[in-house]
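Each chain gets a letter, A, B and so on, in the order its sequence line appears, and its residues count up from 1. Nothing here was measured: the structure is a model prediction, and the numbers come from that model.
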Protein chains: 2
Amino acid sequence: MSGRSEQIAATICEAILAHRLVPGAKLGERELAEIFEVSRIVVRQALIRLSEDGLVTVERNRGAFVAKPSLAEAVEVFETLTIVEQGVIAQLGNRPRTSLLTELRGNVERQKAALANGNEQLAGEFGLEFHDLLVALTRNRVAIELHAQLKRRARLLEALYRCDFDHCQLCDEHERLVALIDRKQWTRAQQLMDEHYRLVARGYRIDDEALLMQPLHLALGKPMKTPIAAVRKKGNGKHAQRITGGEA
Amino acid sequence: MSGRSEQIAATICEAILAHRLVPGAKLGERELAEIFEVSRIVVRQALIRLSEDGLVTVERNRGAFVAKPSLAEAVEVFETLTIVEQGVIAQLGNRPRTSLLTELRGNVERQKAALANGNEQLAGEFGLEFHDLLVALTRNRVAIELHAQLKRRARLLEALYRCDFDHCQLCDEHERLVALIDRKQWTRAQQLMDEHYRLVARGYRIDDEALLMQPLHLALGKPMKTPIAAVRKKGNGKHAQRITGGEA
DNA sequence: TGATCTGAAAGTGGATACCAATCTATCAGC
DNA sequence: GCTGATAGATTGGTATCCACTTTCAGATCA
């Protein structure tokens, strides 16, 4: 927990990933400075960090906003996740540690159990974890961090496009993936991964539903000291918007 | 050309990639502020950007330094490049645009011509460009930017470890790679890519050779306007320094 | 002599105040 | 109702100040 700006960036990042801060939300320097009780400069440094990570866009002289990726960019993020994980599969051929597959199998079993209990929420989290475990098999911290960054951007998309997944099919594909890797059928595993992410992407629906914005104070879990600030958000509540359908 | 800190970050980045700033070099805020004629805060913002990119490490209360990756991390960077490009190859199966291979073929021809002329320097640059072109085939800007970032980190390694490449063999492998992609032999293409990067990695030699440090003024190509500044750097004029050979 | 302790200097991290440029929004006038 | 001017708000940046940490050199002591 070195720099204050790092902490603040982490807090904002967490709020974005938890969808307490929705895409397009204004991240005013002054307001954030009051919330975190720091100077504007520290806030700006935090926003710079977040913008380098792709979670925030900074428009000169206009301010920072939670990133609102276009549908085209959303597709590219998923495609890049596919690329990385297909590459990971290709690498597994070099590593004769078949024992590591037990981790993947354990994850699949946990997800199946969660589904059997009707716990979609938990199943969804296990589903995400599967892909982390897969990349973790490389024991390559650079690749793991790269993958984590892509996943953050994917999490952002969940807030922008309503998503409903067929967890049963996703879990089933995870199981088949493990089996293919176990049998060293790399090409088919890669093909399945591609189909898998296409299924995930199909779970996202373009949606007119309003993205309800909470005031920053609530989103960031800080007690609002100056009640005036809550009223400041003059713009409007309904940033609803239809993404002009890309090539998807 | 928006933010000043962006420009400064770009300038420092360029100097690092050109090896005018060697790994481990101290990037003092005050000194950089004088060189670029801005306040320290703008410099700090630039350093934050660079640290998020992995080219600079910031140690709390000690300052910023050009990143000096360990050999382990160097291996991970190359492995991650392999992963991404293997994934790209897997993706090419989805895209029936065989015409795009002409770009790759053109690059290989240019590199062969450069080699025939004995221009190793130029051949090396074409060799790097080949991998950019390969990733560009995906037409995926997210993937392209990811790849570019990895390549920046790889360029940093060139400065840290002496490297001498067998450009002939590298070029030959590029040619074989194109042929395999053309014949849609994805698995073998991926295997070749893996071997290819292992060959590249073998070109790097761990080396105790001193990394000669230039003063920042020269490295950043700025005329020193205030002759006082030249003296201010009281330490000494010879920032030369022998890097204590790491854990390699 | 050599090891350790101490204190000053330097550098980073951050706060505050201030200014210039720009964007925004309201309001007057046509 | 629309356009244009003006005033306010916000950002980008500077300068100055202070607190904290690291570092290094000199003093002290075994």
Rounded to the nearest angstrom, tell me the gap between atom [atom1] in [X] and atom [atom2] in [N].
| X | N | atom1 | atom2 | result |
| --- | --- | --- | --- | --- |
| A:Gln45 | D:dT11 | CD | P | 15 Å |
| B:Arg30 | C:dG11 | CZ | P | 6 Å |
| A:Leu32 | D:dT11 | CG | C1' | 13 Å |
| B:Leu27 | C:dG13 | CG | P | 12 Å |
| B:Glu6 | D:dT11 | CD | P | 16 Å |
| A:Glu29 | C:dA17 | CD | P | 17 Å |
| A:Arg44 | C:dG13 | CZ | C1' | 16 Å |
| A:Phe65 | C:dC23 | CZ | C1' | 10 Å |

Set of ring pair (Phe, Tyr, Trp, His ring centres under 6.0 Å) partners for A:Phe126, sequence neighbours left out: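 None.
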Does A:His147 have any ring pair (Phe, Tyr, Trp, His ring centres under 6.0 Å) partners at least two apart in sequence or in another chain, and if so, which?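 For A:His147, no residue satisfies ring pair (Phe, Tyr, Trp, His ring centres under 6.0 Å) once neighbours in sequence are set aside.
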Which residue pairs pass the ring pair (Phe, Tyr, Trp, His ring centres under 6.0 Å) test with at least one member in residues 45-69 of chain A, sequence neighbours excluded?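 The answer is none; no pair qualifies.
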Taking the six-membered ring for Trp and the single ring otherwise, decide whether the centroids of B:Phe130 and B:His196 are under 6.0 Å apart.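 No, ring centres 6.0 Å or more apart.
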Nucleotide of C:dT12, D:dT11, C:dG14 approaching A:Lys26 most closely (side-chain heavy atoms):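 Nucleotide nearest to A:Lys26's side chain: D:dT11.
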If the sugar-phosphate is the primed atoms plus P, OP1 and OP2 and the base is the rest, what is the B/S/- string for nucleotides 15-25 of chain D, using protein heavy atoms under 4.0 Å? B-----SSS--
Any residue meeting side-chain contact (heavy atoms from CB on, under 4.5 Å) with B:Ala64, in chain and number order, not counting sequence neighbours: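 With neighbours one apart ignored, the set is B:Leu27, B:Leu47, B:Val56, B:Val58.
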Please list, chain by chain and in numerical order, all residues satisfying side-chain hydrogen bond (donor to acceptor under 3.5 Å, both in side chains) with A:Arg40, sequence neighbours excluded.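 Result, side-chain hydrogen bond (donor to acceptor under 3.5 Å, both in side chains) vs A:Arg40: A:Glu29.
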